[in-house]
Amino acid sequence: MSTFHYVGDRLCVEQVPLADIAAEIGTPCYVYSRAALVTAYRSFAQALGAQPGLIAYAVKANSNLALLAILADLGAGFDIVSQGELERVLAAGGRPERIVFSGVGKTEAEMRRALTAGIRCFNVESAAELARLNAVAGALGLRAPVSLRVNPDVDARTHPYIATGLKESKFGVPLAEAIAWYREASRFPHLAFIGIDCHIGSQLTELGPFADALDRVLPEVLALRQAGLPLRHVDVGGGLGIRYRDEDPPSVTAYMALIKERLAVHGLQDIELILEPGRAIVGASGALLTRIEYIKETEERRFAITDAGMNDLIRPALYEAWQEVRAVLRRHETPCAYDVVGPVCESADVLGRGRQLAIEPADILAILDAGAYGFAMSSQYNARPRAAEVLVDGARFHVVRTRESYADLMRGERIVREALL
Ligand code: LLP
């Protein structure tokens with residue numbers, strides 16, 4: 001049974017009808033299923049099995065504290081890309097030794113904070129970053145654990161905005177260059193080179209690109225080990241896709257089996273394996289609830305104008321992403337095609353085009369598969385307070401982020417009138 005399912009004509013998550021949440025909390029509102037999150041995390045942990053390693057959830061996909069705490073309690077690690085994500089993980093009870101720090105633009109302050117917190121590894125993406133980390137660690141009298149993010153130059157066959165593994169991308173270091181740096185590790189007395197990593201893109205729906213990347217990187221790891229550099233781990237990044245519409249991504253089991261097989265082929269079956277899944281852990285566990293404010297018919301089209309817009313969920317506008325739209329109350333009239341659009345003053349403010357729906361004004365819609373890169377990418381554009389977030393647990397639900405108020409919108413701002421200058 002999928003996470004969001006009809007019981008009679010009412011769309012439910014776990015044992016809670018979504019209409020109850022919309023009535024009590026209001027809309028727009030993100031809803032997450034604890035059970036779905038736990039199941040998705042466990043599928044990775046179980047597939048990892050006896051292999052030493054870590055499932056480091058990519059916090060950028062959804063950084064709500066309640067979700068992070070659930071994952072921390074399950075023993076998850078975390079892949080972070082900013083000090084903000086680090087503070088969130090620590091506040092949620094995540095253990096520093098299970099945190100890896102990715103990203104191309106780490107500041108000195110971020111490095112200091114992560115070093116003193118004692119994180120597991122920095123995924124370094126340039127020569128300049130390596131030098132900076134060496135200096136920052138030296139000044140603190142510490143040795144920074146480092147993995148170089150290599151760019152294996154493979155085509156992830158995904159949307160160009162979320163493909164990161166081609167050589168023209170800003171991410172990673174060319175493999176040959178990285179190998180040279182590993183071999184000169186002694187030039188960096190305050191760094192400990194403990195691993196290697198690569199992340200080739202997101203929403204991958206085939207195993208081929210993952211295999212290509214591994215087959216480029218793993219022989220180098222073996223060579224470095226044979227040359228006496230004690231690399232302890234391989235971090236394969238994230239990127240496993242989910243089914244939004246008719247995609248057919250590999251299962252977590254098949255994905256993990258491929259990785260383990262490639263490790264074995266390259267004689268590295270004993271190495272620690274780190275994964276950084278984001279979307280595949282949290283994507284299907286969440287939906288965005290929105291209310292239809294108006295139905296508007298023009299000569300050309302029929303629009304359902306909702307109270308959620310591109311500021312709440314930007315994926316359709318930014319990537320032309322398709323996410324399923326379902327009516328929270330199923331009506332039995334004949335459906336018609338609607339463009340589901342938000343209230344934001346931009347033509348790109350579309351949540352779904354040409355959707356077959358039987359709806360009336362004031363009905364509630366659920367945009368599915370919105371757990372990843374939904375709330376996390378939301379903004380206050382058009383001075384719209386950000387949505388509430390709700391966690392469902394069995395027959396109960398809890399607000400895990402209060403809807404922003406109008407005071408929240410203006411927090412920190414000052415009016416400067418001429419007389420005061
Ligand atoms: N590790 C690194 C270094 C990453 O850059 C990313 C995602 C991940 C892990 C997690 O990837 P995942 O397992 O979630 O595919 N906003 C876009 C996706 C951007 C992904 C950015 N990096 C979207 O909504 O589709």
Side-chain angles (χ1 to χ4, degrees), residues 30 37 40-41 43-44 54-63 67 71 76-82 85 89 99-106 121-126 129 147-152 156-166 169-173 195-206 209-210 213 234-245 247 249-250 252 255-256 259 273-286 288 310 312-323 351 367-379:
Y30 276 93
L37 178 68
Y41 171 75
S43 68
F44 276 92
L54 186 69
I55 308 300
Y57 165 67
V59 174
K60 64 171 77 67
N62 188 323
S63 61
L67 273 54
L71 293 169
F78 297 94
D79 166 46
I80 59 164
V81 290
S82 68
E85 290 190 354
V89 169
I99 297 175
V100 297
F101 196 164
S102 300
V104 291
K106 302 175 195 79
C121 195
F122 289 83
N123 293 341
V124 169
E125 304 217 19
S126 66
E129 187 190 342
S147 158
L148 293 181
R149 174 170 176 184
V150 299
N151 184 332
R157 302 200 275 273
T158 183
H159 190 284
Y161 284 11
I162 51 178
T164 52
L166 280 173
S169 127
K170 73 173 176 181
F171 297 102
V173 181
I196 195 163
D197 72 287
C198 70
H199 168 84
I200 56 172
S202 194
Q203 183 57 12
L204 272 70
T205 53
E206 301 166 56
F210 289 117
V234 172
D235 179 338
V236 298
L240 183 63
I242 63 171
R243 184 189 179 100
Y244 285 101
R245 188 177 193 176
E247 306 89 335
V252 173
Y255 169 64
M256 195 74 80
I259 298 170
L273 176 60
I274 300 182
L275 294 96
E276 303 171 355
R279 189 189 321 262
I281 288 189
V282 81
S285 75
L288 172 62
M310 64 189 287
D312 300 296
L313 179 66
I314 202 173
R315 300 192 70 258
L318 189 57
Y319 315 114
E320 295 183 329
W322 191 99
Q323 294 188 216
L351 297 173
I367 323 263
L368 302 192
D369 300 308
Y373 308 109
F375 186 91
M377 294 180 81
S378 67
S379 75

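Note that ligands are numbered from 1 as they come in the structure, with each ligand's atoms numbered from 1 the same way.
Protein heavy atom in closest approach to atom 19 (C) of ligand 1: I162 CG2, 3.6 Å. The protein heavy atom nearest to atom 6 (C) of ligand 1 is K60 NZ, 3.2 Å. Shortest contact from atom 8 (C) of ligand 1 to any protein heavy atom: H199 CE1, 3.4 Å.
The heavy atom nearest to atom 9 (C) of ligand 1, considering only M377, R279, E276, is found in E276.
Taking every heavy atom of S202 and a limit of under 4.0 angstrom, the matching atoms of ligand 1 come to 11 (O), 12 (P), 14 (O), 15 (O), 18 (C), 20 (C). Proximity to R315 (heavy-atom distance under 4.0 Å) selects the following atoms of ligand 1: 23 (C), 24 (O), 25 (O). Which parts of ligand 1 touch P277 is read off a 4.0 Å heavy-atom cut-off, strictly below it: atoms 13 (O).
Polar contact with ligand 1: absent for R149 (N/O pair, distance under 3.5 Å). Here's the thing with G239: one of its N/O atoms is less than 3.5 angstrom from an N/O atom of ligand 1. Taking any N or O of Y319, backbone or side chain, at least one lies under 3.5 Å from an N or O belonging to ligand 1.
Heavy-atom separations between A280 and ligand 1 are all 4.0 Å or longer.
For E320, the CD atom counts as loosely surrounded, since its 6.0 Å shell holds 12 or fewer non-hydrogen atoms of other residues, nucleotides or ligands.
For the residue pair L37 and S285, the shortest heavy atom distance occurs at N-CB, 4.0 Å.
Here the two rings, on Y41 and Y57, have centers that are 6.0 Å apart or farther.
Taking 4.0 Å as the cut-off between side-chain N and carboxylate O, K60 and D79 count as a salt-bridged pair.
Between F122 and R149 there is no side-chain heavy-atom pair separated by less than 4.5 Å.
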